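Quick one: this structure, given as structure tokens, is what I'll be asking you about.
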There are 2 protein chains.
Amino acid sequence: MSRRSGILEFAVLGLLRESPMHGYELRKRLNTSLGVFRAFSYGTLYPCLKTLVANGWLIEEPGNAPEDALAASLAGRRAKIVYRLTAAGKEHFEELLSHTGPETWEDESFAARFAFFGQTERDVRMRVLEGRRSRLEERLEKMRASLARTRERLDDYTLELQRHGMESVEREVRWLNELIESERAGRDRRRSGPSDETEK
Amino acid sequence: MSRRSGILEFAVLGLLRESPMHGYELRKRLNTSLGVFRAFSYGTLYPCLKTLVANGWLIEEPGNAPEDALAASLAGRRAKIVYRLTAAGKEHFEELLSHTGPETWEDESFAARFAFFGQTERDVRMRVLEGRRSRLEERLEKMRASLARTRERLDDYTLELQRHGMESVEREVRWLNELIESERAGRDRRRSGPSDETEK
DNA sequence: AATTTCATGTAATTCGTTACATGATTCC
DNA sequence: GGAATCATGTAACGAATTACATGAAATT
């Protein structure tokens, strides 16, 4: 029971897999390191962490300064809480990572998936990229059809908005084509250094 | 009381200003003619229409076939409902159209505003476009700063995601620059035909 | 006659924010 | 000692969706 936000849960598990963190830091990384993501508020994040703990996917640990826990237990105060991924949590994340269903082609979900491509198998990466591309191509098809139907009734601003919107989508398709090409060519971006002879 | 969704309310009033419509048709136009918009569901649209009526901004009229209303009143059945903007509604929309506050620079809100530029005064258009541009420039600034701080800790995929994200924003800024330039040059896109000598 | 598209609505639920409340730590 | 930032949480609310329920009109 209790469905949590797919993408927040996913991102939290993914970040914690890299290293344990407390809530505040987690939130910063959701905005910055993962960059393209939206900023979740504390009102969303903390309750989410609680349910992940309740599911056994995370455990709460005292902050790295041992006095934190000591002082807290003595005075009934609150200490910094560091969250760590459990074995079950790791397993669960692994399973989420291997999903390639239609949900994963959606805008925000796709960004989240892409952000963790460094931990994703190559064939899964391919399916996600190709799925995303065909989703965008469908979208383009609809836009073109609707534009053809209504073109003459629209004023210049509306037309310009649609033109710009379509161009953005077309641009993302080209980006995906390059990425897919690069994956096909066997370049694995998961390792940092360039392979020393394919780069000029 | 009872705050409604800013952008849905705005778009509904704007579409109905052009011509009266019933809910089903309205929803189609929210997806297609306005194109770039998100598709609101009926569960959102119909309740919204009711509150707009309650505010006195719309009135419900029987569908254009007169038998609709007749049959409906006789049998207690439901007829097609056409919504028409009242004078108060027109006034309210006019007021919304003249707003240029920070809300209007946000992604979806901006798209909605732009879609109705055909009914917007030139100085308001300018303020909305310039506000949007500076909002995007702030965003770019944050992205650059965060990238500079974290660059070396990130894997190639995360880097690529951020690079692509920034490029998209930069592209929109260039688009805005062109639009602003065009507005400054006095080209008013509200009239359809090109001014017959500036176009090649 | 059956299916699709048109058309209107409600109830439960999901997702997430804002505002509030609290307190520790760090920097000036 | 005061301000900023770090840190954790809750309650009330808001926006929108999904699933459900109903039925008319047009098309095949």
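Here the structure is a predicted model, which means the values were calculated and not measured. Just so it is clear, the values below take in all heavy atoms, side chains as well, and ignore hydrogens, waters and symmetry mates.
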Checklist entry - Under 4.0 Å between a side-chain N or O of A/Tyr46 and OP1 or OP2 of D/dT8? => result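 Yes, such a contact exists.
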Item to check | Residue list, salt bridge (Lys or Arg N to Asp or Glu O under 4.0 Å) with B/Glu130, at least two apart or on another chain | outcome: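 Partners of B/Glu130 by the salt bridge (Lys or Arg N to Asp or Glu O under 4.0 Å) criterion, ordered by chain and then number, come out as B/Arg184.
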Next on the checklist: Between P on D/dA16 and NZ on B/Lys50, what's the gap in Å once rounded to a whole number?
Outcome noted: 19 Å
Item to check | Candidate nucleotides C/dG9, D/dG9, D/dT17, ranked by approach to the side chain of B/Ser41 - the nearest | outcome: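 Nucleotide nearest to B/Ser41's side chain: D/dT17.
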Next on the checklist: Just the rounded figure in Å: distance from P of C/dT8 to CZ of B/Arg27.
Outcome noted: 12 Å
Next on the checklist: Once you apply a heavy-atom cut-off of 4.0 Å, does B/Gly23 come out as touching a base, just sugar-phosphate, or nothing?
Outcome noted: sugar-phosphate
Next on the checklist: Please verify the inter-ring angle class for A/Tyr24 with A/Tyr42; under 30° counts as parallel, over 60° as perpendicular, anything in between as tilted.
Outcome noted: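 The arrangement is parallel - the two ring planes meet at less than 30°.
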Checklist entry - Any idea which of C/dG9, D/dG9, C/dG16 is nearest the A/Tyr83 side chain? => result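 Side chain of A/Tyr83 sits closest to D/dG9.
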Item to check | Separation of B/Arg133 CZ from B/Phe110 CZ (nearest 0.5 Å) | outcome: 11.0 Å
Item to check | Interatomic distance where CD belongs to B/Glu106 and P belongs to C/dT17 [whole Å] | outcome: 13 Å
Item to check | A/Leu45 CG to C/dC15 P, straight-line distance once rounded to whole Å | outcome: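 After rounding, the gap between these two atoms is 15 Å.
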Item to check | Residue whose nearest DNA chain C nucleotide is more 5′ - B/Glu25 or B/Pro47 | outcome: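 On the 5' side of the pair lies B/Glu25.
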Next on the checklist: Whether A/Arg135 and A/Glu106 form a salt bridge (side-chain N of Lys/Arg under 4.0 Å from carboxylate O of Asp/Glu) is what I want to check.
Outcome noted: yes
Item to check | Rounded interatomic separation in angstrom, taking CG from A/Leu8 and P from C/dT17 | outcome: 9 Å
Next on the checklist: Measure CD/A/Glu9 against C1'/C/dC15 and give the value in whole Å, please.
Outcome noted: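 These atoms are roughly 13 Å apart.
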Next on the checklist: Please verify the inter-ring angle class for A/His164 with B/Trp175; under 30° counts as parallel, over 60° as perpendicular, anything in between as tilted.
Outcome noted: parallel
Next on the checklist: Does A/Arg27 qualify as a cation-pi partner of A/Phe40, given the criterion of NZ or CZ under 6.0 Å from the six-membered ring centre and within 45 degrees of its axis?
Outcome noted: no
Item to check | Rounded to 10 degrees, the angle between the two terminal axes of the helix from C/dA1-D/dT28 to C/dC28-D/dG1, each from five pairs | outcome: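 End axes: 30° apart.
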Identify each donor-acceptor pair in which a side-chain atom of residues 14-22 of chain A lies under 3.5 Å from a protein atom, sequence neighbours left out, and give them as a table.
residue, atom, partner, partner atom, Å
A/Arg17, NE, A/Gln119, OE1, 2.8
A/Arg17, NH1, A/Glu94, OE1, 3.2
A/Arg17, NH1, A/Glu94, OE2, 2.6
A/Glu18, OE2, A/Gln119, NE2, 3.1

List every contact pair, protein side and nucleotides 3-6 of chain C side both N or O, where the distance is under 3.5 Å.
residue, atom, partner, partner atom, Å
C/dC6, OP2, B/Tyr24, OH, 2.9

Item to check | Trace of the ring pair (Phe, Tyr, Trp, His ring centres under 6.0 Å) decision for B/Phe10 with B/Trp57 | outcome: CA-CA 11 Å; B/Phe10 178 77; B/Trp57 296 330; over 10 Å; no
Item to check | Counterpart residues, salt bridge (Lys or Arg N to Asp or Glu O under 4.0 Å), relative to B/Asp107 (two or more places apart) | outcome: B/Arg132, B/Arg139
Checklist entry - Which residue pairs pass the salt bridge (Lys or Arg N to Asp or Glu O under 4.0 Å) test with at least one member in residues 39-57 of chain B, sequence neighbours excluded? => result B/Lys50-B/Glu60
Item to check | Given D/dA16, C/dT8, D/dT8, the nucleotide with the shortest approach to the side chain of A/Tyr42 | outcome: D/dT8
Checklist entry - Does B/Thr44 place a side-chain N or O at less than 4.0 Å from the phosphate oxygens OP1/OP2 of D/dA16? => result no
Checklist entry - Whole Å only: how far is the CG atom of A/Leu26 from the C1' atom of D/dT8? => result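 Atom CG in A/Leu26 sits about 13 Å away from atom C1' in D/dT8.
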Item to check | B/Phe40 CZ - C/dG9 C1' separation (whole Å) | outcome: 18 Å
